[in-house]
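All heavy atoms count here, side chains included; hydrogens, waters and symmetry mates do not.
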Amino acid sequence: MDLRQIASPWLVVYAYPRTGLPDVSTPPGWDVIPGARGCTPQSCAYRDHYRELAAEGAEVFGLSTQDTEYQREMAIRLRLPFEVLSDAELGLTRSLNLPTFRFGEWTLLKRHTLIIRRARIEQVFYPVFPPDADAERVLRWLRTQREIPA
């Protein structure tokens, strides 16, 4: 997907390490990594605030380094009204020098949120904590931008 082709005034891309699968235990050691937990609550918060974000002119995308099939399953299961992007080949991650960490064999994104206008990153939220409050923080920030000319 070429994000430069999106017509919305604002793009919100929230990046997260990885989501788990139902009935599958988290990998040993995952819960002790600061900021690792909370990917599903973060995605659900964006789902729950999606209409409000859209009313502010924002198009929302999730982003992780998990593969497309994994992302598709999660998006369907959580009933996300927006696309979740896979950067499994790390192309975007490397080109923007996004923050990552290693966990076993995986290179994962650290949780952060990019707010983009006209192909330019206008705001970065990093670190993001707690994850389930990220969508509300982004919504508040977007509302402060109403008076700023496009």
Quiz item: Got more than 12 heavy atoms from elsewhere within 6.0 Å of CD, Glu73?
Solution: yes
Self-check item: Trp141 side chain reached by Glu122 side chain, heavy atoms, under 4.5 Å
Solution: yes
Self-check item: Heavy atoms from other residues, nucleotides or ligands near CZ of Phe101 exceed 12 (cutoff 6.0 Å)
Solution: yes
Quiz prompt | Nearest non-hydrogen partners of Ala15 and Leu109, listed with the distance | solution = CB-CD1, 3.9 Å
Exercise. Can you tell me which residue pairs pass the side-chain hydrogen bond (donor to acceptor under 3.5 Å, both in side chains) test with a partner in residues 89-100, sequence neighbours excluded?
Key: Asp87-Thr93
Quiz item: Is the side chain of Ser8 donor-acceptor paired with the backbone N or O of Ala58 at a distance under 3.5 Å, no angle test?
Solution: no
Quiz item: Does atom CZ of Arg102 have more than 12 heavy-atom neighbours, drawn from other residues, nucleotides or ligands, at distances under 6.0 Å?
Solution: yes
Quiz item: Judged by atom type as modelled, is there a donor-acceptor pair below 3.5 Å linking the side chain of Tyr70 to the main-chain atoms of Thr19?
Solution: yes
Practice problem: Taking all non-hydrogen atoms of both residues into account, name the closest pair between Arg137 and Val128 and its distance. | Solution: NH2-CG1, 3.6 Å
Practice problem: For Thr113 and Phe125, indicate whether the former's side chain and the latter's backbone hold a donor-acceptor pair under 3.5 Å. | Solution: no
Quiz item: Tell me, do Pro131 and Tyr16 make a side-chain contact under 4.5 Å, heavy atoms counted?
Solution: no
Quiz prompt | Test item: Arg47 side-chain N/O and Leu78 main-chain N/O as donor-acceptor pair under 3.5 Å | solution = yes
Quiz item: Does some side-chain heavy atom of Pro28 sit less than 4.5 Å from a side-chain heavy atom of Trp30?
Solution: no
Quiz item: Are side-chain heavy atoms of Arg143 and Leu139 found at a separation under 4.5 Å?
Solution: yes
Practice problem: Mark yes when over 12 heavy atoms from residues, nucleotides or ligands other than Asp2 sit less than 6.0 Å from its CG; otherwise mark no. | Solution: yes
Can you give each donor-acceptor pair under 3.5 Å made by side-chain atoms of residues 34-43, sequence neighbours left out, with the distance rounded to 0.1 Å?
| residue | atom | partner | partner atom | Å |
| --- | --- | --- | --- | --- |
| Arg37 | NH1 | Asp31 | OD1 | 2.7 |
| Gln42 | OE1 | Arg111 | NH1 | 2.6 |
| Gln42 | NE2 | Asp134 | OD2 | 2.9 |
| Ser43 | OG | Tyr14 | OH | 2.9 |
| Ser43 | OG | Cys39 | O | 3.2 |

Practice problem: Mind checking the CG-CZ spacing from Leu11 to Phe61? Nearest 0.5 Å is all I need. | Solution: 6.0 Å
